[in-house]
Protein chains: 2
Amino acid sequence: MAKQIDDADVFTTTVDVLLANGYAGATTKLIAEAAGINEVTLFRKYGSKAQLVTAALLHERAALEGEKPTEYTGDLAADLLGMVRTYAEAAHRQSGLMMLILSEVARYPELQEAMQVPFMLVSRFGQIVAQYQKEGRLQPGEPLLVVGALLGPVIVNTMLRSAETGLPIPPIDLPVHIERFLHGYAIR
Amino acid sequence: MAKQIDDADVFTTTVDVLLANGYAGATTKLIAEAAGINEVTLFRKYGSKAQLVTAALLHERAALEGEKPTEYTGDLAADLLGMVRTYAEAAHRQSGLMMLILSEVARYPELQEAMQVPFMLVSRFGQIVAQYQKEGRLQPGEPLLVVGALLGPVIVNTMLRSAETGLPIPPIDLPVHIERFLHGYAIR
DNA sequence: GATCTTTGCAAGTAATCACTTGCATTTTAC
DNA sequence: GTAAAATGCAAGTGATTACTTGCAAAGATC
C-alpha cells in the first residue's frame, strides 16, 4: 500500500539486478520485485526503464564521489597499495559495473549519460601516478597506461574469478603484486 | 532459394552479431539477416538460438585451436612479446569474447558448454610461464597470476579503448610494457 | 529426368516485455 | 478532519521475440 519509497534503495537494488542479469535481463518486473515495490510505481517515479537505469548508475557515481578520496601522500608504496586496495575492496561491484558499461550500456544510446560511471577511480589514480612521475619516482609515460599496469592484473583477476571459466586462478596477493610493480616501474 | 549454406560462415557471422549486440540483442532475425539466409533455416539447421550460439562459440574455439600455437623457445623476452602480440592481434575479438562470456554467457545456463572458449590462450601462456619459472628465470608464484600481470594491462587497455569511456587512453606500447614486466618479474 | 533434400517466403503462435489505465487504499500535509 | 498525494492491485495494450507450419521453388543425387 501507499508508503514512502526511498529512491536510493531503489537505485541500489536496480544496480544489483543489472549486475546479476544485464540490461535486457533486468526487467522492470524483476527490479520492482527486488525493490519490494509495485512495477507501476517505477514508471510513475522514474518515467521509463532507461531513465531508471540511468538514474541508478548516476546515483552509483554520486556514491563513489562521496567516498573518502585516495590522496597522494608521498609514500609511493603505500599509495600504490592504497589504490589497489581501494579498487579491490569494491572489486566485485566495480568489475561488474565496468563490464556492464563496456559491454552493455554502450549498446543502448538511451543510456549514454551513464557511460562514465565506473571510470572515475581510474582517472583519479592517473593523477596520483602523474604526480609521482613528475617527482621522478615512477617511470615516465602515459599515466593511464601505468595505472593499467597497476590495476589491469587486479581487474582481470577479479573478472576471471567471478565466473566459471575452468581456470584454477587464485586471488591476487596484493603486497607481492605491488612489490613486483615497484621493481618494474619505480625509479630508485 | 535453395542453396548450400556454409556452417562456418553462419557461425562466424553469429559471433560477429553477438559481439556487436550481446546475447539478448543478437536476435535470430538479426543473425539470419547478417548471414544472408532465412531465419527459419537457422532453426532447421541448429535447433534453437542457444544451440546456434553454443555451436558458434565452440566453432570459434576450434578456430583458435587450429592456429599456430605459441611455443616456449627459451628466449624469455621474445616469448613474452610473442604471447602479448598473439593476444593483441586478436585483441578486439578476444576482449569482446571474454566480456561476452564473463558477463553474458554466464547468465544463461543453456550456454554453459561455451564457457571456456576465450580462456585457452590464457591457459597456454600459463604453461609457458611455468616453464620459465622452473628454470629460475621468472619470479616464482602462481603462473596464471604472472600471466595476469603480463596480459592484464593489455586486456584492460583494449577493453577501455573499445568503448566511449571519456578516458583519453592511448594504445599500449608493447615493447615498453615487456621491458617493465621484465624489470618486475625476470630474475637476472 | 525423377525424386529427394534443402532453402525461402509468408503467415502464424505463444510468451514476454515495457508501459498504461482505472480503481481503491494508505499516507501525508494543512 | 479533509483533501491531496502516493502507492498497490489488476487488467490491459502494442510490440517484439523465439519458434512453428504450410507451400513452393531450387539444388543435389541417382
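Since this is a predicted model, take the numbers as computed values, not measurements. Chain naming here is simple, since letters A, B, ... match the order of the sequence lines and numbering starts at 1 in each.
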query: So which nucleotide from C:dG8, D:dC19, C:dC19 ends up closest to the side chain of B:Ile5?
result: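 The answer is C:dG8, which lies nearest to the side chain.
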What residues form a side-chain hydrogen bond (donor to acceptor under 3.5 Å, both in side chains) with A:Ser48, not counting sequence neighbours?
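A:Gln51.
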| field | Set of residues satisfying side-chain hydrogen bond (donor to acceptor under 3.5 Å, both in side chains) with respect to B:Asp16, sequence neighbours excluded | value |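 With neighbours one apart ignored, the set is B:Arg93.
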Distance-only check: which donor-acceptor pairs under 3.5 Å involve side-chain atoms of residues 21-35 of chain B, not counting sequence neighbours?
from    : atom 1 : to      : atom 2 : distance (Å)
B:Thr27 : OG1    : B:Leu30 : N      : 3.1
B:Thr28 : OG1    : B:Glu39 : OE2    : 2.7

For [X] and [N], give me the distance from atom [atom1] to atom [atom2], rounded to whole Å.
X	N	atom1	atom2	answer
B:Glu33	D:dT17	CD	C1'	13 Å
B:Ile31	D:dC19	CD1	P	10 Å
B:Gln4	D:dA25	CD	P	21 Å
B:Lys29	D:dA15	NZ	C1'	11 Å
B:Lys49	D:dT20	NZ	P	15 Å
A:Glu110	C:dA18	CD	P	12 Å

B:His183: which residues meet the ring-ring contact (aromatic ring centres under 6.0 Å, His included) condition with it, sequence neighbours left out?
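ring-ring contact (aromatic ring centres under 6.0 Å, His included) check on B:His183 returns nothing, list empty.
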To the nearest 0.5 angstrom, please state how far the OG1 atom of A:Thr73 sits from the CD1 atom of A:Ile128.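 Here the interatomic distance stands at 8.5 Å.
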Next item on the list: Quick one: do A:Arg180 and B:Gln139 satisfy side chain to side chain contact (heavy atoms under 4.5 Å, CB included)? Show the steps, please.
Entry: CA-CA 9 Å; A:Arg180 294 291 108 215; B:Gln139 293 288 333; 3.2 Å; yes
### Message
When the axes are fitted on five pairs at both termini, how much does the helix from C:dG1-D:dC30 to C:dC30-D:dG1 curve, in 10° steps?
### Response
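Roughly 30° between the end axes, to the nearest 10°.
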Worksheet entry | Ring centers of B:Phe11, B:Tyr46 separated by less than 6.0 Å |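 Yes, they do, as the ring centres are separated by less than 6.0 Å.
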What are the residues of residues 37-46 of chain B, sorted by number, that bring a heavy atom to within less than 4.0 Å of DNA chain C?
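Contacting residues: B:Ile37, B:Asn38, B:Val40, B:Thr41, B:Arg44, B:Lys45.
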Do B:Met99 and B:Leu19 have side-chain heavy atoms sitting under 4.5 Å apart?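 A side-chain contact is absent here, since even the closest heavy-atom pair is not under 4.5 Å.
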Please determine whether a side-chain nitrogen or oxygen atom of A:Thr28 lies at a distance below 4.0 Å from atom OP1 or OP2 of C:dA18.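 Yes, A:Thr28 has a side-chain N/O under 4.0 Å of OP1/OP2 on C:dA18.
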* Name the orientation class of the two ring planes belonging to B:Phe181 and B:His177 (parallel below 30°, tilted from 30 to 60°, perpendicular beyond 60°). =>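 Geometry flag for B:His177 against B:Phe181: tilted rings.
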